[in-house]
Amino acid sequence: QVQLVESGGGLVQAGGSLRLSCAASGRTFSTNAVGWFRQAPGKEREFVAAIRWSSDSTYYAEFVKGRASISRDNAKNTVYLQMNSLKPEDTAVYYCAAGSIPRGVVLGLSSSGRYNYWGQGTQVTVSS
């Protein structure tokens, strides 16, 4: 079992920045990737960014490229999502997820269904 706890969400004005954290615990060795997803009311969950524990490669949804940066600290079992230039449409519950996702699978890291463990989410609200 893997436990994921998100933090760092809150209220921010448009154009502001926020850093989300995802602290993983438990059997993290059973996973090899962590992704960030978000879901706004009435909308489908969508991929934001992902990173593997053992790789420095990062992956982003087009709508956050240039505004978001995902990073990790393996010693702390923590993954971060830095978001800048926030827009009201970024308002959503942000979730981190972990899973064992084979390498070489096209779009594997961006598919929510491939992740086994999910955090409770942290609310991000961007005011205009």
Side-chain angles (χ1 to χ4, degrees):
Q1 184 174 322
V2 175
Q3 295 81 42
L4 303 171
V5 180
E6 302 96 334
S7 62
L11 302 175
V12 63
Q13 294 183 343
S17 299
L18 214 56
R19 189 178 78 157
L20 307 182
S21 298
C22 175
S25 61
R27 301 177 181 179
T28 57
F29 54 82
S30 67
T31 69
N32 63 9
V34 174
W36 283 97
F37 295 80
R38 71 185 189 185
Q39 187 166 25
K43 296 184 178 181
E44 295 184 350
R45 185 175 299 175
E46 60 183 351
F47 169 76
V48 179
I51 192 169
R52 291 185 182 274
W53 293 116
S54 60
S55 174
D56 58 1
S57 297
T58 56
Y59 307 85
Y60 301 96
E62 281 296 324
F63 61 82
V64 295
K65 283 187 175 180
R67 300 193 297 127
S69 178
I70 188 170
S71 61
R72 55 171 167 75
D73 185 337
N74 286 8
K76 297 180 179 180
N77 287 325
T78 300
V79 175
Y80 306 95
L81 180 67
Q82 176 72 40
M83 299 189 294
N84 304 316
S85 301
L86 286 164
K87 308 172 183 179
E89 51 262 44
D90 292 320
T91 295
V93 176
Y94 284 70
Y95 301 90
C96 68
S100 182
I101 302 173
R103 295 179 182 273
V105 178
V106 178
L107 302 179
L109 292 173
S110 64
S111 300
S112 61
R114 290 189 175 273
Y115 292 83
N116 304 111
Y117 307 99
W118 293 81
Q120 294 296 308
T122 185
Q123 177 71 49
V124 171
T125 302
V126 183
S127 62
S128 60

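Since the structure is predicted, the reported quantities are computational estimates derived from the model, not experimental observations.
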Original post:
Within the distance-only criterion (no hydrogens, no angle test), does the side chain of Arg52 pair as donor or acceptor with the backbone N or O of Ile101 below 3.5 angstrom?
Top reply: yes

Subject >> Heavy-atom pair of closest approach, residues Trp118 and Ser112 >> reply: CZ2-O, 3.4 Å

Original post:
Considering all heavy atoms of both residues, which atom of Ser100 and which atom of Pro102 are nearest to each other, and what is their separation?
Top reply: O-CD, 3.8 Å

Subject >> Straight-line distance of Ser128 OG to Leu86 CG, nearest 0.5 Å >> reply: 13.0 Å

Subject >> Nearest non-hydrogen partners of Thr78 and Ser21, listed with the distance >> reply: CG2-CB, 4.3 Å

Subject >> Rounded distance (nearest 0.5 Å) linking atom OG1 of Thr28 with atom CD of Gln3 >> reply: 10.0 Å

Original post:
Does the pair Tyr59 and Ile51 meet the rule for a side chain to side chain contact (heavy atoms under 4.5 Å, CB included), with working shown?
Top reply: CA-CA 7 Å; Tyr59 307 85; Ile51 192 169; 6.0 Å; no

**OP:** Kindly give the heavy-atom pair with the smallest separation between Leu4 and Ala98, and that separation in Å.
**Re:** CD1-N, 3.6 Å

**OP:** Identify, with sequence neighbours excluded, every residue that meets side-chain contact (heavy atoms from CB on, under 4.5 Å) alongside Glu89.
**Re:** Lys87

Original post:
side-chain hydrogen bond (donor to acceptor under 3.5 Å, both in side chains) with Asn77: which residues, sequence neighbours excluded?
Top reply: none

Subject >> Distance-only donor-acceptor check, side chains Ser17 and Asn84, under 3.5 Å >> reply: yes

Original post:
Below 4.5 Å, heavy atoms only, C-beta onward: do Val79 and Trp36 meet side chain to side chain?
Top reply: yes

Subject >> Nearest-0.5 Å distance, SG of residue Cys22 to CD of residue Glu6 >> reply: 5.5 Å

Subject >> Inter-residue atom distance Ile70.CD1 - Cys96.SG, 0.5 Å rounding >> reply: 9.5 Å

Original post:
Would you find more than 12 non-hydrogen atoms of other residues, nucleotides or ligands less than 6.0 Å from Arg27 atom CZ?
Top reply: no

**OP:** State plainly whether one hydrophobic cluster holds both Val93 and Val34, where clusters connect Ile, Leu, Val, Met, Phe, Trp and Tyr through side-chain heavy atoms under 4.5 angstrom apart.
**Re:** no

Original post:
Is there a donor-acceptor pair under 3.5 Å between the side chain of Thr31 and the backbone N or O of Gly99?
Top reply: no

**OP:** Tell me whether Leu81 is reachable from Phe47 by hopping between hydrophobic residues (I, L, V, M, F, W, Y) whose side-chain heavy atoms are closer than 4.5 Å.
**Re:** no

Original post:
Is the backbone of Leu107 close enough, under 3.5 Å, to the side chain of Ser111 for a donor and an acceptor to pair up by distance?
Top reply: yes

**OP:** Without swapping roles, check the side chain of Gln82 against the backbone of Arg19 for a donor-acceptor pair under 3.5 Å.
**Re:** no

Original post:
Is there a side-chain contact between Gln123 and Thr125 (heavy atoms, below 4.5 Å)?
Top reply: yes

**OP:** Would you kindly confirm whether Val64 and Leu18 end up in one hydrophobic cluster when ILVMFWY residues are joined by side chain heavy atoms under 4.5 Å apart?
**Re:** yes

Subject >> Ring centroid separation Phe37 to Tyr115 under 6.0 Å >> reply: yes

**OP:** Check the surroundings of atom CD in Gln120: do more than 12 heavy atoms from other residues, nucleotides or ligands lie under 6.0 Å from it?
**Re:** no

Original post:
Is the backbone of Val126 close enough, under 3.5 Å, to the side chain of Thr91 for a donor and an acceptor to pair up by distance?
Top reply: yes

**OP:** Check whether the side chains of Arg103 and Ser54 place a donor and an acceptor atom closer than 3.5 Å, and report yes or no.
**Re:** yes

Original post:
Which atom pair, heavy atoms only, marks the closest approach of Leu109 to Ala33?
Top reply: CD2-CB, 3.5 Å

Subject >> Salt-bridge present (Arg67, Asp90; N to O < 4.0 Å) >> reply: yes

Original post:
Does the Arg38 side chain pair with the main chain of Val48, one donor and one acceptor, at a distance under 3.5 Å?
Top reply: no

**OP:** For residues 63-104, pull every pair meeting ring pair (Phe, Tyr, Trp, His ring centres under 6.0 Å), keeping only residues two or more places apart or in separate chains.
**Re:** none

Original post:
Can you tell if the side chain of Leu11 reaches within under 4.5 Å of the side chain of Ser127, non-hydrogen atoms only?
Top reply: no

